[in-house]
2 protein chains.
Amino acid sequence: MSHTLGIRQAQKQKTRKALLDAALALLEEQSLSSLGLREVTRAVGVAPTAFYRHFRSTADLGVALVEEALGSLHPMIRTTVSATGDPEERVARAIDLIARHVDGYPAHVRFIARERHGGVQPVREAIREQLARFAQEVRAELAKDPVSRGWSEDDLLMLAHLYVDQMLSTASLFLEALEGPEEERADRTSHVTQLATRQMRLIGLGRQHWLD
Amino acid sequence: MSHTLGIRQAQKQKTRKALLDAALALLEEQSLSSLGLREVTRAVGVAPTAFYRHFRSTADLGVALVEEALGSLHPMIRTTVSATGDPEERVARAIDLIARHVDGYPAHVRFIARERHGGVQPVREAIREQLARFAQEVRAELAKDPVSRGWSEDDLLMLAHLYVDQMLSTASLFLEALEGPEEERADRTSHVTQLATRQMRLIGLGRQHWLD
DNA sequence: CCATGCAGTTAACAACTGTTCTCTGGAATT
DNA sequence: AATTCCAGAGAACAGTTGTTAACTGCATGG
């Protein structure tokens with residue numbers, strides 16, 4: 001059950017969210033390591049010192065953004081890789097879900113792609129952790145599939161990492177298509193869909209013949 | 001033939017190289033978008049204004065770093081994917097070459113991984129271009145292989161991109177292993193080798209059965 | 001109802017940034 | 001030998017940064 005928090009705490013959460021949103025917007029054109037705290041507070045319309053009530057530093061804010069961007073994604077992952085329907089349909093469904101997610105949360109996707117190898121160690125670490133969790137969940141889902149009979153745990157995790165990387169790469173391509181000029185968008189999006197579909201299909205083939 | 005350039009031009013190239021080296025070193029702990037020109041000149045021991053004799057901005061310097069990091073890599077790519085020896089041996093050879101490259105030029109690898117999706121558009125563009133060239137070269141090399149008989153150009157390029165992404169991902173993992181504490185290095189490196197080997201092998205299997 | 005807590009403000013700090021203009025010494029050209 | 005060129009130096013600029021301290025006003029808990 002949800003405890004209705006006082007008008008005080010509510011207001012605090014509101015400015016906190018405003019700081020996160022402003023930061024995310026500013027990060028579309030730069031990296032976290034160059035994001036200044038004054039820049040963020042200015043965008044929100046709040047005094048620079050107010051920042052410290054919510055975050056120790058911009059790196060700290062970055063870690064919070066990782067939670068926001070990836071924390072809520074776990075249920076989606078599960079259904080994406082779930083072993084229902086024929087393989088070809090599952091691939092199409094997964095890619096469609098990725099496309100929708102990029103469409104709905106482009107700034108989050110950009111942030112993760114950018115900061116995964118970015119210049120701020122704690123943020124890299126947080127992303128690494130979340131992606132490792134994703135890989136574990138994908139592994140668990142793959143294990144349910146009859147195709148995985150006879151696979152070692154290690155090999156399942158290997159494949160799961162391959163899938164996670166592939167998803168991120170695809171998401172990044174969708175994002176680039178989204179960023180381009182409006183009249184090219186449809187073409188580029190369908191091109192990415194087609195590319196990603198065939199790559200997924202090829203990996204699926206490798207999976208089927210792994211135990212040969 | 002090489003024209004021996006005067007002592008004037010030589011000195012200029014020397015400071016230019018010093019600026020690039022200093023920048024690369026500074027970029028181990030931050031992103032290009034937060035790299036200041038004064039920071040770089042200070043590290044070299046040269047006046048801030050001297051920077052302008054070589055680069056218009058730090059973004060410009062970043063593009064030059066992309067050339068330095070990836071420009072000289074094309075001959076290596078060719079031999080890496082060359083279709084000699086049995087498949088298993090080729091995989092091992094490719095991964096070994098990646099490991100050696102990361103060992104020899106860790107800062108370059110880190111720079112590319114970091115700025116590929118980084119906050120500086122011209123640099124992203126430059127990396128995208130170079131990687132596209134790599135993919136084209138890999139495609140050409142794959143086409144020579146008898147296994148590729150009957151493949152469409154599009155499908156070959158699709159696979160080439162998959163290989164290029166996989167190489168970069170592997171390089172990044174080797175780098176992380178290299179950055180960790182010395183006593184874990186050997187274990188982590190061999191773990192990455194083993195993981196990458198199996199992923200490459202699985203992709204290879206998918207490749208063999210593509211036309212089924 | 002009153003005392004406490006605490007989100008956000010104001011003001012000030014030393015340090016730093018990119019960029020401009022002017023100057024200098026020595027290599028390059030004639 | 002005289003002249004031009006130009007990589008780098010030096011000084012100054014307005015603007016920015018993170019962090020500190022002391023404050024204010026209002027929601028909260030006793």
Side-chain angles (χ1 to χ4, degrees), chain A residues 2-27 29-65 115 118-123, chain B residues 2-27 29-65 115 118-123:
Chain A
S2 69
H3 182 257
T4 48
L5 63 181
I7 144 174
R8 188 113 191 219
Q9 295 282 331
Q11 183 50 245
K12 178 166 183 181
Q13 294 300 324
K14 211 171 140 190
T15 32
R16 184 190 140 99
K17 187 63 168 54
L19 288 169
L20 288 169
D21 289 350
L24 203 55
L26 289 165
L27 285 172
E29 298 172 328
Q30 62 182 313
S31 313
L32 183 63
S33 85
S34 66
L35 183 70
L37 110 211
R38 291 186 102 108
E39 201 178 347
V40 179
T41 56
R42 193 186 313 130
V44 173
V46 91
T49 46
F51 186 92
Y52 292 108
R53 298 283 177 201
H54 303 274
F55 309 102
R56 222 181 298 273
S57 62
T58 50
D60 196 27
L61 178 146
V63 172
L65 275 178
E115 300 303 330
V120 184
Q121 203 264 334
V123 172
Chain B
S2 69
H3 181 259
T4 47
L5 63 182
I7 153 174
R8 187 113 191 220
Q9 295 282 330
Q11 183 50 243
K12 180 168 184 180
Q13 295 300 323
K14 210 170 142 190
T15 29
R16 185 189 140 98
K17 187 62 169 53
L19 288 168
L20 288 169
D21 289 350
L24 203 55
L26 289 165
L27 285 172
E29 297 173 329
Q30 61 182 314
S31 314
L32 183 63
S33 85
S34 65
L35 183 71
L37 112 208
R38 290 185 102 109
E39 201 176 347
V40 178
T41 55
R42 192 186 313 129
V44 174
V46 91
T49 46
F51 186 92
Y52 292 108
R53 300 283 178 200
H54 302 275
F55 309 102
R56 222 181 299 273
S57 62
T58 50
D60 196 27
L61 177 146
V63 173
L65 275 179
E115 300 304 329
V120 183
Q121 202 264 332
V123 172

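Just so it is clear: chains get the letters A, B, ... in the order the sequence lines come, proteins before strands, and each one is counted from 1.
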Ignoring hydrogens and angles, answer whether the base of D/dT16 and the side-chain atoms of A/Arg42 contain a donor-acceptor pair closer than 3.5 Å. no
Can you tell me if B/Thr15 touches the phosphate of D/dG8, counting only side-chain N or O atoms and a distance under 4.0 Å to OP1 or OP2? yes
Just by modelled atom types, is the B/Gly118 backbone N or O under 3.5 Å from a matching donor or acceptor in the A/Ser31 side chain? no
Of all the nucleotides listed (C/dT9, C/dA28, D/dA7), which has the minimum atom distance to the side chain of B/Ile7? C/dA28
Report yes or no: does A/Glu115 contribute a side-chain atom to a donor-acceptor pair with the main-chain N or O of A/Leu32 at less than 3.5 Å? yes
Minimum side-chain heavy-atom gap A/Ile7-A/Gln11 below 4.5 Å: no
Rounding to an integer number of Å, can you tell me how far B/Phe55 CZ sits from C/dT19 P? 15 Å
From CZ of B/Phe51 over to C1' of C/dT20, roughly how many Å is that when rounded to an integer? 16 Å
If I take atom CD in residue A/Gln30 and atom C1' in nucleotide D/dT16, what distance separates them, rounded to the nearest angstrom? 14 Å
In terms of the nearest nucleotide of DNA chain D, which residue is placed more toward the 5' end: B/Gln11 or A/Arg53? B/Gln11
Listed nucleotide nearest any side-chain atom of A/Tyr52, set D/dT20, D/dA27, D/dA9: D/dT20
Atom CD of B/Gln13 to atom P of D/dC6: distance rounded to whole Å? 15 Å
Hey, which sits more toward the 5' end of DNA chain C by its nearest nucleotide, A/His54 or A/Arg38? A/His54
Distance from A/Phe55 atom CZ to A/Asp60 atom CG, nearest 0.5 Å? 7.0 Å
Distance in angstrom units between B/Leu37 CG and D/dT16 P, rounded: 18 Å
Nearest 0.5 angstrom please: A/Leu35 CG to A/Ser57 OG, how far? 10.5 Å
On a plain distance test, is the side chain of A/Thr49 in donor-acceptor contact with the base of C/dT10 below 3.5 Å? yes
Identify, between B/Arg16 and A/Glu39, the residue whose nearest nucleotide on DNA chain D lies closer to the 5' end. B/Arg16
Ranking B/Leu35 and B/Gln9 by the position along DNA chain C of their nearest nucleotide, the one closer to 5' is B/Leu35
Can you see if the side chain of B/Arg8 gets near the phosphate of D/dT4 - specifically, an N or O under 4.0 Å from OP1 or OP2? no
A/Arg56 CZ to D/dG18 C1', straight-line distance once rounded to whole Å: 16 Å
